[in-house]
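In what follows, every chain begins at residue 1, and chains take the letters A, B, ... in the order their sequences are listed. Only heavy atoms go into these numbers, but all of them, side chains included; no hydrogens, no water, no symmetry mates.
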Protein chains: 2
Amino acid sequence: MTAPRSAEQVHAALAAQIVQGRLAPGAPLAETALAEQFGLSRTPVREALQKLAGEGLVERGPRRAFVVRRMSADALRHLFEALGELEALCAGMAARRMSAAEIAMLNRILHGDGPGVDYADVNIRFHDALRQGAQNQVLAGLLEDLNRRSLPWRNAQFTQRAERIDTSRAEHRAILEAVTARDADRAAALMRAHMGAALGTVLELIATR
Amino acid sequence: MTAPRSAEQVHAALAAQIVQGRLAPGAPLAETALAEQFGLSRTPVREALQKLAGEGLVERGPRRAFVVRRMSADALRHLFEALGELEALCAGMAARRMSAAEIAMLNRILHGDGPGVDYADVNIRFHDALRQGAQNQVLAGLLEDLNRRSLPWRNAQFTQRAERIDTSRAEHRAILEAVTARDADRAAALMRAHMGAALGTVLELIATR
DNA sequence: ACTGTGCGATATGTATACATGTTGTGTTGA
DNA sequence: TCAACACAACATGTATACATATCGCACAGT
């Protein structure tokens, strides 16, 4: 592992560590320590931390120090609700706007997968395709942002239960059907329910911890 | 007016100038020149520029220099569409969740003001109250963000035509009625139409420029 | 005359030194 | 013994000096 050589690489490295949960919420991010760790001066480290703060992955703690962002149960609910509503919004828009070729691609993502492809991959590609299908770069950017911010908590439980995965697959197929039928309202409602179910289990797991 | 937190003051000053249109899209923001202008070193200026870039008010041009963000017609449409959809989403949620007291306050904002209050103020307070009424800090934050990003173009035409203001007032009252009736779908649809009308005129004005 | 290469200027990226503010601890007084 | 004040240590905020890359211009060669 070659040491990062620029502010952007420091940013990417820290973001990855936070998203993967290798840096727990509340963990201090002292500029001097990180600079020494990355073999750089404080300046690019500072720059990376400020960018992370702007993205909501990091916040200021006591002593104006940067710490990995902590979120209250309420804040988490708000984040997950926003994520679900925006995904639903995009699904509805995608049902109206996706081309036949794009819908065919969506179909291939869900059904064309052999046994070698795991659910997590299909899940990401399915949601990505719908985001693109909404044909609004601003909404896509917002969703990407919310996804990053929620990943640390969604990754807290790595292994989805098998029955939940089966249910999710069925929900994906139902959304695809609604999109194929150009039924925007149904696509949005199904996506809202899908996200609510998926994120609800995460919330429960976090609450019981 | 030199106070501590110089970087934040530079950020606020530049953001205000960009939002007010005093810095035109594409205008170069050289670090050295700004540092001299503010009587500071490049470090806090740099910090402010990076924060502005994270907020989408500034982008990188040739020579890696910062310039005031330019937006294509498509990007502007996407931004305005996202703004309208999120406002509609919040309006629907607010119709379900606002307390009676909050709705009464909304009523006072629209009807309780004398002729001395201008439309722009009422408009801002009305939309703010609805955003708060949705009771989701994340969505409120996203909307605040999109508002900032769109302000440079919304402010391009300072004076609303009188007939448009009257129409907007009527639309506000209709939304308030829907919220009072707890009709989320109607509130959302009315808000979507309201935003579409308000932003549509801006888009036309910019296109004909 | 046009094009390609090389050099120079200028702005950004990085490193380091200095200023400042906060916090924790130790000492002193009641 | 407890509380309050002062000092010291460490972290962030700012300034400055240095490194590096990119763009424009000029000159030379075809």
A:Leu49 CG to D:dG13 P, straight-line distance once rounded to whole Å = 10 Å
Which sits closer to the 5' end of DNA chain C, B:Thr43 or B:Leu29, going by the nucleotide each is nearest to?
-> B:Leu29
In whole Å, what is the span from the CZ atom of B:Arg64 to the C1' atom of C:dT12?
-> 8 Å
For A:Tyr119, is the NZ or CZ atom of A:Arg169 found under 6.0 angstrom from the centre of its six-membered ring and inside 45 degrees of the ring axis?
-> no
By nearest-heavy-atom nucleotide on DNA chain C, the more 5' of A:Pro62 and B:Phe66 is B:Phe66
Just how far, in rounded Å, is C1' of C:dT20 from CZ of A:Arg42?
-> 12 Å
From NE2 of B:His11 across to P of D:dG13 the rounded distance in Å is 15 Å
Quickly work out the A:Arg46 CZ to C:dA17 C1' distance and round it to whole Å.
-> 15 Å
How many Å lie between CD on B:Glu47 and P on D:dG13, as a whole number?
-> 7 Å
Taking only residues two or more places apart in sequence, or in another chain, which ones meet A:Arg96 in a salt bridge (Lys or Arg N to Asp or Glu O under 4.0 Å)?
-> none
Taken to the nearest whole Å, CD/A:Glu8 to P/C:dT14 is 9 Å
What salt bridge (Lys or Arg N to Asp or Glu O under 4.0 Å) pairs are there with at least one residue in residues 8-30 of chain A, not counting sequence neighbours?
-> A:Glu8-B:Arg64
Say whether, by atom type as modelled, one donor and one acceptor occur between the side chain of A:Gln135 and the main chain of A:Arg97 under 3.5 angstrom.
-> yes
Whole angstrom is fine here: how far is it from CZ in B:Arg60 over to P in D:dC23?
-> 13 Å
Please work out which of the three classes, parallel, tilted or perpendicular, describes the rings of B:His127 and B:His194, given edges at 30° and 60°.
-> parallel
Examine the side chains of A:Asp74 and A:His78 and answer whether a donor and an acceptor come within less than 3.5 Å of each other.
-> no
Enumerate all atom pairs, one protein N or O and one N or O from nucleotides 5-11 of chain C, separated by less than 3.5 Å.
| unit_1 | atom_1 | unit_2 | atom_2 | d |
| --- | --- | --- | --- | --- |
| C:dT10 | O2 | B:Arg63 | NH2 | 2.5 |

